[in-house]
Enquirer: 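Got a structure for you, written out below as structure tokens; questions coming shortly.
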Amino acid sequence: MSEKRYKWRRDDYRESTKGLLMLNTGDGKGKTTAAIGTMVRAAGRELKCCMIQFMKSKTDRYGEHESLEKLGIEVHTMGDGFTWDTNDKTQDIQTSRETWALCVEKMRSRDYELLVFDELLYVLSYGFLDIDAIIAEIDAVRADQPHLHIIATGRNVDDALTKLIEKADLVTEMREIKHPFNAGIYAQQGIEF
Ligand code: ATP
Ligand code: MG
């Protein structure tokens, strides 16, 4: 095993890496799953991870919450029941702001190496948060912490996200070819939640 091949063992490896801004988007399944998979991998390398979920209800527990907490990964669900429950845009904006405030707190804490903002892209595409303010904050944090990795997810890829896509290092679009929902198969425990 030469040190040349296994370069992550070298002392200067960290100097040659940079924190990535990664976006998981598109209408197919797998955006949150891929973010969770990355956290599982990162936790195995002792990276401190935290996921903040914009859309899930505060009171709901999902399979991934049980697993991630066993790995020492923090998960915060901030949603209060979004539009489809409340039809209350003012409430949705308020919840989005409170959730983003927690994202900012976690970013600025300098305590993490990987942060996942689940459904941030959805909230941005609906205009619930100001994209320019979000980008300015992310820029400032990344300038201060060049090794911090950030993943944002959400299905809508629209013009509102263009500026963020330009900033990102990695953008993956999940494309639906088939989804069981369209065959009348409902969400299943262990697969969807
Ligand atoms: P997952 O959490 O399974 O990785 P996702 O993050 O890609 O899915 P979301 O847009 O967050 O998908 O959708 C939330 C829920 O809707 C998930 O349970 C997911 O399985 C389901 N879903 C994803 N894509 C589709 C689709 N094309 N049609 C219907 N339901 C979908
Ligand atoms: Mg998701």
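Indexing begins at 1, ligand by ligand and atom by atom, following the structure's order. Please read these numbers as outputs of a predicted model, since none were measured by experiment.
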Enquirer: Should we count CD of Glu66 as having more than 12 external heavy atoms under 6.0 Å?
Expert: yes
Enquirer: Under the side-chain contact (heavy atoms from CB on, under 4.5 Å) test against Asp118, which residue among Thr32, Asn24, Val75 passes?
Expert: Thr32
Enquirer: Other residues, nucleotides and ligands only: do more than 12 of their heavy atoms fall within 6.0 Å of NZ on Lys48?
Expert: yes
Enquirer: Do the side chains of Arg108 and Glu137 get close enough for a salt bridge, i.e. N-O under 4.0 angstrom?
Expert: yes
Enquirer: In terms of ring plane angle, is the pair Phe128 and Tyr126 parallel, tilted or perpendicular, where the classes change at 30° and 60°?
Expert: tilted
Enquirer: Could you list the residues that satisfy side-chain hydrogen bond (donor to acceptor under 3.5 Å, both in side chains) with Asp169, not counting sequence neighbours?
Expert: Lys18, Arg142
Enquirer: Which protein N, O or S atoms lie under 2.8 Å from the Mg ion (ligand 2), given by chain and residue number?
Expert: Thr32 OG1
Enquirer: Between Gln145 and Tyr112, is any side-chain donor less than 3.5 angstrom from a side-chain acceptor?
Expert: no
Enquirer: Heavy-atom count check: over 12 atoms from other residues, nucleotides or ligands less than 6.0 Å from Asp159 CG?
Expert: no
Enquirer: Using a side-chain heavy atom cutoff under 4.5 Å and only I, L, V, M, F, W and Y, what cluster partners does Tyr186 have?
Expert: Phe181
Enquirer: With hydrogens left out, which residues have an atom under 4.0 Å from ligand 1, given that only heavy atoms count?
Expert: Asp27, Gly28, Lys29, Gly30, Lys31, Thr32, Thr33, Glu119, Arg155, Glu176, His179, Phe181, Glu192
